[in-house]
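Convention: sequence-line order gives letters A, B, ...; per-chain numbering from 1. Note that the structure is predicted; figures quoted are calculated from it, not measured.
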Protein chains: 2
Amino acid sequence: MSSALMRKTQTPSHDGVTTAESENTRLPPRDRIIASAIDLFRQQGIKGVGVDAIAEAADSNKMTLYRHFGSKDDLICECLKKTSARREQIWRDLEAAHPNDPIGQVRGWIEEAAERIFSDPRGCDLANAAVELREANHPALQLIIEAKKAHMERLINLCRAAGIKQPEQLTDALVLLVEGARVCSQSAGIEGPQQQLKRACDAMIAAYSPDS
Amino acid sequence: MSSALMRKTQTPSHDGVTTAESENTRLPPRDRIIASAIDLFRQQGIKGVGVDAIAEAADSNKMTLYRHFGSKDDLICECLKKTSARREQIWRDLEAAHPNDPIGQVRGWIEEAAERIFSDPRGCDLANAAVELREANHPALQLIIEAKKAHMERLINLCRAAGIKQPEQLTDALVLLVEGARVCSQSAGIEGPQQQLKRACDAMIAAYSPDS
DNA sequence: ACCCCTAGTTACTGGACGGTAACATTCATG
DNA sequence: CATGAATGTTACCGTCCAGTAACTAGGGGT
């Protein structure tokens with residue numbers, strides 16, 4: 001809490017001209033608002049944070065927020081889209097890191113998920129949003145489902161390219177394990193079963209790999 | 001309003017002796033409130049429902065609610081305790097259904113989880129609560145962690161009794177799969193990987209079973 | 001100069017929220 | 001019948017929420 005407040009206190013472009021370079025380049029308000037919203041949603045939950053807090057954290061204000069996003073639900077959807085886009089980027093990075101090595105990309109994805117679980121045990125933003133936004137037909141829900149579907153499609157193709165016998169089944173199993181680890185990191189304490197995510201995935205991959 | 005009045009009109013022990021049992025016996029307000037709260041929390045999320053709505057759904061009122069529970073957080077904790085207690089009862093039922101068959105109890109637990117996922121795809125109340133109650137040191141969190149821990153302890157003992165080589169590892173993997181299926185039933189659409197929960201668990205059990 | 005678009009500021013609305021006070025009612029007991 | 005505890009009823013408090021209105025301040029273009 002206090003650290004977050006402290007961090008926000010930095011007076012922005014107080015001396016004006018020098019901001020030329022580096023990450024200090026102030027993003028336009030829309031991007032700042034989305035970034036702050038993703039942050040706060042992750043820290044306090046979607047229903048646990050109000051638009052005023054988001055605007056303030058973005059060093060902006062509520063009116064500007066409402067000029068860019070028609071409603072809080074709108075902003076939520078844009079945040080989820082942004083999160084999905086970042087995921088796509090991670091996949092592209094994995095492809096670059098393991099070229100022509102589909103199973104390496106799959107293992108890289110698992111590795112990345114495991115690291116993230118330990119460095120920031122707050123689960124998957126998309127899945128968490130689905131838990132919080134239970135009102136029927138919430139516009140975010142379709143986004144979440146489609147993102148998960150696209151994600152699994154990619155995994156299936158990688159598994160197939162890797163010569164897995166039943167790529168759909170292995171993908172389902174791996175997704176269950178990873179999603180389970182992400183939720184357990186929130187509900188099962190620091191010593192929970194998420195500690196064994198990689199080992200469980202290895203066992204599952206072995207079970208579906210062609211016998212050596 | 002009027003329906004509430006109508007419903008309340010039943011004269012209780014009007015004929016004295018016969019009322020021994022029957023489900024028409026109105027539960028005391030405290031139990032009605034907890035039951036209604038669990039229901040509403042599940043339907044609309046913990047942060048999505050107010051105490052007024054809970055009191056009304058319980059055919060009671062806010063003051064009675066606050067006489068029994070010091071705060072909404074208090075009520076949340078009692079609901080989670082009740083949920084944990086019901087889980088314990090499920091385990092006892094499984095023990096009775098599969099006496100001296102530890103792996104049968106484990107499979108029965110998986111079976112029960114799978115059925116529940118399809119009949120009511122709203123995930124695990126405990127895990128969902130952990131997702132929603134992110135404020136640091138929320139009193140519910142410790143309850144959730146302890147319930148999950150006790151649950152896993154039971155699974156480990158069953159796996160060990162079944163002759164599994166590494167009972168802790170198999171338990172971790174099975175819990176990841178089941179928790180993953182529960183969260184995917186909310187976030188991955190009706191055709192999500194939760195459909196393959198049982199198959200994935202079978203593969204995992206096979207991988208950890210002594211070779212036949 | 002001019003306009004115009006974007007962004008920031010302040011103040012506000014109406015409603016829902018968690019929680020409380022004061023009072024009225026029921027009802028099983030003595 | 002009297003008592004007292006548990007329950008119900010109504011009204012209220014202060015706070016927070018999502019969302020809006022009116023106004024001001026800069027910053028480029030033309």
Side-chain angles (χ1 to χ4, degrees), chain A residues 8 11-14 16-17 19 25-37 40-41 44-79 132-133 135 138-140, chain B residues 1-17 19 25-37 40-41 44-79 132-133 135 138-140:
Chain A
K8 181 179 36 180
T11 45
S13 56
H14 144 280
V17 79
T19 75
T25 310
R26 216 165 140 84
L27 292 164
R30 187 174 197 279
D31 300 310
R32 274 182 285 145
I33 289 170
I34 289 183
S36 296
L40 288 178
F41 288 161
Q44 304 174 225
I46 291 178
K47 304 237 182 166
V49 60
V51 288
D52 310 77
I54 296 170
E56 189 186 349
D59 249 327
S60 182
N61 57 78
K62 198 157 47 159
M63 268 321 295
T64 301
L65 188 155
Y66 274 100
R67 284 191 198 106
H68 285 285
F69 311 95
S71 67
K72 188 188 179 184
D73 282 345
D74 241 45
L75 173 58
I76 292 169
C77 288
E78 294 306 311
C79 287
E132 286 204 74
L133 309 173
E135 43 260 27
H138 192 287
Chain B
M1 283 273 187
S2 59
S3 68
L5 279 173
M6 304 278 296
R7 205 170 304 132
K8 181 181 35 181
T9 322
Q10 52 117 342
T11 45
S13 59
H14 143 280
D15 70 343
V17 80
T19 75
T25 311
R26 210 166 146 84
L27 291 164
R30 187 174 197 279
D31 300 310
R32 274 181 287 147
I33 289 170
I34 290 183
S36 296
L40 287 177
F41 287 161
Q44 305 174 226
I46 290 178
K47 304 237 183 169
V49 59
V51 287
D52 310 76
I54 295 170
E56 189 185 349
D59 249 328
S60 183
N61 56 78
K62 197 156 52 157
M63 267 320 296
T64 301
L65 188 155
Y66 273 101
R67 284 191 197 105
H68 285 286
F69 312 94
S71 67
K72 187 188 180 186
D73 282 345
D74 240 44
L75 172 58
I76 293 168
C77 289
E78 295 305 311
C79 288
E132 286 204 74
L133 308 173
E135 43 260 28
H138 193 287

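With sequence neighbours excluded, no residue forms a side-chain hydrogen bond (donor to acceptor under 3.5 Å, both in side chains) with A/His68.
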Between the protein and nucleotides 5-8 of chain C, which nitrogen or oxygen pairs are less than 3.5 angstrom apart?
{"unit_1": "C/dA7", "atom_1": "OP2", "unit_2": "A/His68", "atom_2": "NE2", "d": "2.8"}
{"unit_1": "C/dA7", "atom_1": "N7", "unit_2": "A/Arg67", "atom_2": "NH1", "d": "3.4"}
{"unit_1": "C/dG8", "atom_1": "OP2", "unit_2": "A/Ser60", "atom_2": "OG", "d": "2.8"}
{"unit_1": "C/dG8", "atom_1": "OP2", "unit_2": "A/Thr64", "atom_2": "OG1", "d": "3.3"}
{"unit_1": "C/dG8", "atom_1": "N7", "unit_2": "A/Arg67", "atom_2": "NH1", "d": "3.4"}
{"unit_1": "C/dG8", "atom_1": "O6", "unit_2": "A/Arg67", "atom_2": "NH2", "d": "2.4"}

Report each atom pair, protein N/O against N/O of nucleotides 13-16 of chain C, whose distance is under 3.5 angstrom.
none

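Atom P of nucleotide C/dG19 and atom CD1 of B/Ile54 are separated by 11 Å, given to the nearest angstrom. Between the CG atom of A/Leu65 and the P atom of D/dA21 there is a distance of 16 Å, given to the nearest Å. If you measure from atom CZ of B/Phe69 to atom P of C/dG18, you get 15 Å, rounded to the nearest angstrom.
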5' to 3', nucleotides 12-19 of chain D under a 4.0 Å protein heavy-atom cut-off (B base, S sugar-phosphate only, - none) gives ------BB
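Looking at B/Lys72, its side chain does come within 3.5 Å of a backbone N or O of B/Ile46 through a donor-acceptor pair.
The line from CD1 of B/Ile76 to NZ of B/Lys47 is 8.0 Å long, rounded to the nearest 0.5 Å. Within the model, atoms CD1 of A/Ile54 and CD of A/Gln44 stand 9.5 Å from one another, a figure rounded to the nearest 0.5 Å.
The bend of the helix from C/dA1-D/dT30 to C/dG30-D/dC1, defined by the angle between the axes of its first five and last five pairs, stands at 10° to the nearest 10°.
Residue pairs satisfying the salt bridge (charged side-chain N to carboxylate O under 4.0 Å, His left out) criterion with at least one member in residues 27-36 of chain A, sequence neighbours excluded, are listed as follows: A/Arg30-A/Glu78.
Taking both residues in full, the closest heavy atoms of A/Ser36 and A/Ala58 are given as OG-CA, 3.2 Å, listed atom of the first, atom of the second, then distance. The two residues A/Cys79 and A/Ala37 have their closest heavy-atom pair at SG-CB, 3.5 Å. Considering all non-hydrogen atoms of both residues, A/Ser71 and A/Tyr66 come closest at CA-CE2, 3.9 Å. Residues B/Leu40 and B/Ala53 come closest through the heavy atom pair CD1-O, 3.7 Å.
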Would A/Phe69 and A/Val51 count as a side chain to side chain contact (heavy atoms under 4.5 Å, CB included) if you check the C-alpha gap in whole Å, the side-chain angles of each, and the deciding distance to 0.1 Å? CA-CA 11 Å; A/Phe69 311 95; A/Val51 288; over 6 Å; no
